[in-house]
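The figures that follow rest on heavy atoms only: side chains count, while hydrogens, waters and symmetry mates do not.
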Amino acid sequence: ITQDVDVKPQPTADFLVSDVCVGEEANFDYTGNNPATSYSWDLATTTSTMENPAVTYDQPGSYDVSLTVNYYDGECVKDTTQTVAVNPVPTADFAFGTEGAVCAGEEVQFVNNTTFENGDANTLTYDWAVGSTGLSGESPVFPFDNEGTFDVELTARSTEGCESTFSLTKVVNPLPVSDFTLDKVG
């Protein structure tokens with residue numbers, strides 16, 4: 001008696017995912033060597049049966065993600081687990097060291113009030129923009145040489161590339177003009 005045996009290739013249950021920042025979408029890309037009959041994902045905060053699901057995590061941490069795939073109408077089942085890192089995002093914030101309007105020619109200190117919950121604030125970098133002028137440093141001083149209304153923007157960035165931006169407007173008044181006449185008496 002001869003019987004044919006259908007030997008199928010060994011399937012894999014591989015996927016790719018990159019570390020993300022809180023609030024960013026994590027995309028899970030199935031990379032197994034054969035199309036599966038079905039997909040079952042445990043994404044730590046939700047589940048999915050899509051081939052390439054996506055999820056947004058709202059808390060930082062390490063999340064174990066599992067994929068179980070069925071091949072050949074359930075004849076073969078494979079699974080795998082990977083960890084995705086969800087990194088914290090700093091909250092950019094600042095105030096002006098000088099409250100209210102200033103006059104042209106005055107310097108203003110930018111007081112950095114950025115917070116970095118669940119992260120090391122000492123690892124943050126700061127990019128400032130006053131109009132089209134860029135500045136760096138934690139709390140720089142800027143000379144407002146001209147009158148006008150200026151948008152000041154702070155971007156705080158972690159070493160993992162997670163960032164947030166905050167902006168305020170500063171009014172710079174023209175210098176007052178002293179003008180008087182002296183009448184001669186007598």
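Counting non-hydrogen atoms of other residues, nucleotides and ligands closer than 6.0 Å to CD of Glu117 gives a total of 12 or fewer.
Remark: the Asp42 side chain and the Thr47 side chain contain no N/O donor-acceptor pair separated by less than 3.5 Å. Asn70 and Thr37 share no donor-acceptor pair across their side chains, judged by distance under 3.5 Å alone. The closest side-chain donor-acceptor pair between Asp64 and Thr83 falls under 3.5 angstrom. For the residue pair Ser66 and Thr81, a side-chain donor N or O sits within less than 3.5 Å of a side-chain acceptor on the partner.
Note on ring orientation: taking the six-membered ring where Trp is involved, the planes of Phe28 and Trp41 are tilted (angle from 30° to 60°).
Remark: the backbone N or O of Pro90 is paired with a side-chain donor or acceptor of Ser164 at under 3.5 angstrom. In this structure, Thr80 contributes its side chain and Asp14 its backbone to no donor-acceptor pair below 3.5 Å. With Trp128 contributing its side chain and Gly137 its backbone, the two residues share a donor-acceptor pair below 3.5 Å. Put simply, the side chain of Glu107 never gets that close to the backbone of Phe144: no donor and acceptor are under 3.5 Å apart. Checked by atom type and distance alone, the side chain of Ser40 never pairs as donor or acceptor with a backbone atom of Thr68 at under 3.5 Å.
A pairwise comparison of heavy atoms in Val69 and Ala13 identifies CG2-CB, 3.5 Å as the closest pair. Considering all non-hydrogen atoms of both residues, Glu147 and Pro174 come closest at OE1-CB, 3.1 Å.
With sequence neighbours excluded, the residues that form a side-chain hydrogen bond (donor to acceptor under 3.5 Å, both in side chains) with Tyr71 are Tyr30.
By the 4.5 Å heavy-atom criterion applied to side chains, Cys103 and Leu175 are counted as neighbours. In this structure the side chain of Leu43 never reaches within 4.5 angstrom of the side chain of Tyr63, judged on heavy atoms.
Atom CZ in Phe166 sits 4.5 Å away from atom CG in Asp93 (nearest 0.5 Å). Between the CG atom in Asn33 and the OG1 atom in Thr12 there is a gap of 3.5 Å [rounded to 0.5 Å]. The OG1 atom of Thr45 sits 5.0 Å away from atom OH of Tyr57, with the distance rounded to the nearest 0.5 Å.
Annotation: cation-pi geometry satisfied between Lys170 and Phe96 (NZ/CZ under 6.0 angstrom from ring centroid, within 45° of ring axis).
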